[in-house]
Amino acid sequence: MLRPALPLLALALVGTLQAQSPFAPAPPPPSPVPLVTSFPDTPSGKLLTEIREHPGVVQRVEYLADLIGPRLTGSDQLRRAQAWAMTEMKRLGAVNVHEEAYDFGLAWTRGVDSARLLTQNGLRFRVDQLAWSPATKGPIQGEVMLVDARNLAELQPFKGLLRGRILLRSNPDDKRPPLGRRTGDMGAFQAEQSAMTQFLLDEGAQAVLLMSGRKNGLSFTTSGPGRDPKKPAIPTAYVPQEPYKMLLRQVARKEPVKLELSLGGSFSAKPVQAYNVIGEIPGSDKATELVILGGHLDSWDLGTGATDNATGSSVALEMLRALQATGLKPRRTLRVILWSGEEEGLLGSRAYVEAHKAELDAIQAVIVDDMGTGMVKGFDLQGRENCRGLMAMAIAPANDLGVRELSLRVMNSTDHAPFDRAGVPAFAAIQEHVDYFEGTHHSQMDYPDHVQPDQLIQGAQAMAVTTWELLNMEPRLPHGVVTRPTRPNP
Ligand SMILES: [Zn+2]
């Protein structure tokens, strides 16, 4: 829902009351969204006006989050969201609405996780199983031990000491010099990770605890190596910083710290398929060329995936709604894609690029919105300096809304990346950070409460006009694979 517009008098009164109370919360910071009162009578201006005056983009996030909920790839809830998205696409005038399947592997469902100290203060505290890691066999009990080895060599001194232990694998107080920049490819890095896990299993460790990177009691999840049944995996969970650091202090006292831990996630009996949802608005004289606008419909499951990425999915659907409402018809074909498997490694967009190899040349551009509720400030050009001029034209109608940035930065962590690597101009929106990487992203805080309607609406406006300009400009963005140094992800 949009924020209701309060009459000025009421606003003044609220201000006075807040000033009088010593307990009144600090007023929110001013919105970074520039106030633009009217837009020109052009197609882009019409889209900007239409989106500004409609709360649809916010309402859809609330629907997805509050009524469908978390949307783990492989889950029934994501299937419900996909059915809903197809109905929405058709209702909003899209044609050729369909799903495309790809092999996903085993689905995973979160169970009940719990942790309780059997010594010291007896505290029960929050733990969240690393998704796709194996469950514990019921509640297990074990002594807690810090094992902050960073590679296989550093693990060797722990030989013979790990049987039955629950391991603390993060050390926020690490004073050792960093290992230095890793060399070698991703395969070598993953092989060493697997060898380390195999060492822990061979030595009889029972489970691993990791510290959440988020502050203020926030937990975190991501997907573990267990998605590949061929890789060794150990029951693993994230612990918020406060209880994790308490465990470290207790262990440092050199007294036994005994924990009862239960991690209840489960795998599907058989591999499942996952799906991308696709809908189109056919073009006119350049109908064989495509602009792809997308977001990922899947989410993590500690919250309801409101900002990661119901927002981006809703923004993509808003383009369909605004085209329908204004009656505008593009020259190129618009293809809206809501991907899945993004959180497990951009699986949906990778599968899409693989399945549509023959069509990649027909794509004018791909743009993706996946950084939460924050306003759009521009796009990362992925090192494609030769696209700057045309992208500057594409964002020009939204310049006054604060959309001005075209950075050469390479951003690889959302669904435009597989297209980019295949040589297609594909860009992720640069967005204002609003409680994202320190807050809602992958945590139990990801609810619509943290959606800022004015910023989300600005984002929908920015994505819509950029898409519109890309659909209609005469020239084509230059394609080509950009060579860049490769380096394993941290
Ligand atoms: Zn995301």
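In listed order, ligands and their atoms are each counted from 1.
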Can you pull the salt bridge (Lys or Arg N to Asp or Glu O under 4.0 Å) pairs that have at least one residue in residues 222-244, sequence neighbours excluded?
-> D228-K230
Keeping the roles fixed (side chain from N472, backbone from W468), state whether a donor-acceptor pair exists under 3.5 Å.
-> yes
With 2.8 Å as the limit, jot down which protein N, O or S atoms are around the Zn ion (ligand 1).
-> H296 NE2, D308 OD1, D370 OD1, D370 OD2
Parallel, tilted or perpendicular: rings of W108 and F267 (30°, 60°) = perpendicular
is_close_aromatic(F220, H442), centroid dist under 6.0 Å | yes
Scan for salt bridge (Lys or Arg N to Asp or Glu O under 4.0 Å) pairs involving residues 105-115, sequence neighbours excluded, and state none if there are none.
-> R110-D113, R110-D301
How would you list all residue pairs meeting ring pair (Phe, Tyr, Trp, His ring centres under 6.0 Å) that involve residues 356-407, not counting sequence neighbours?
-> Y352-H356
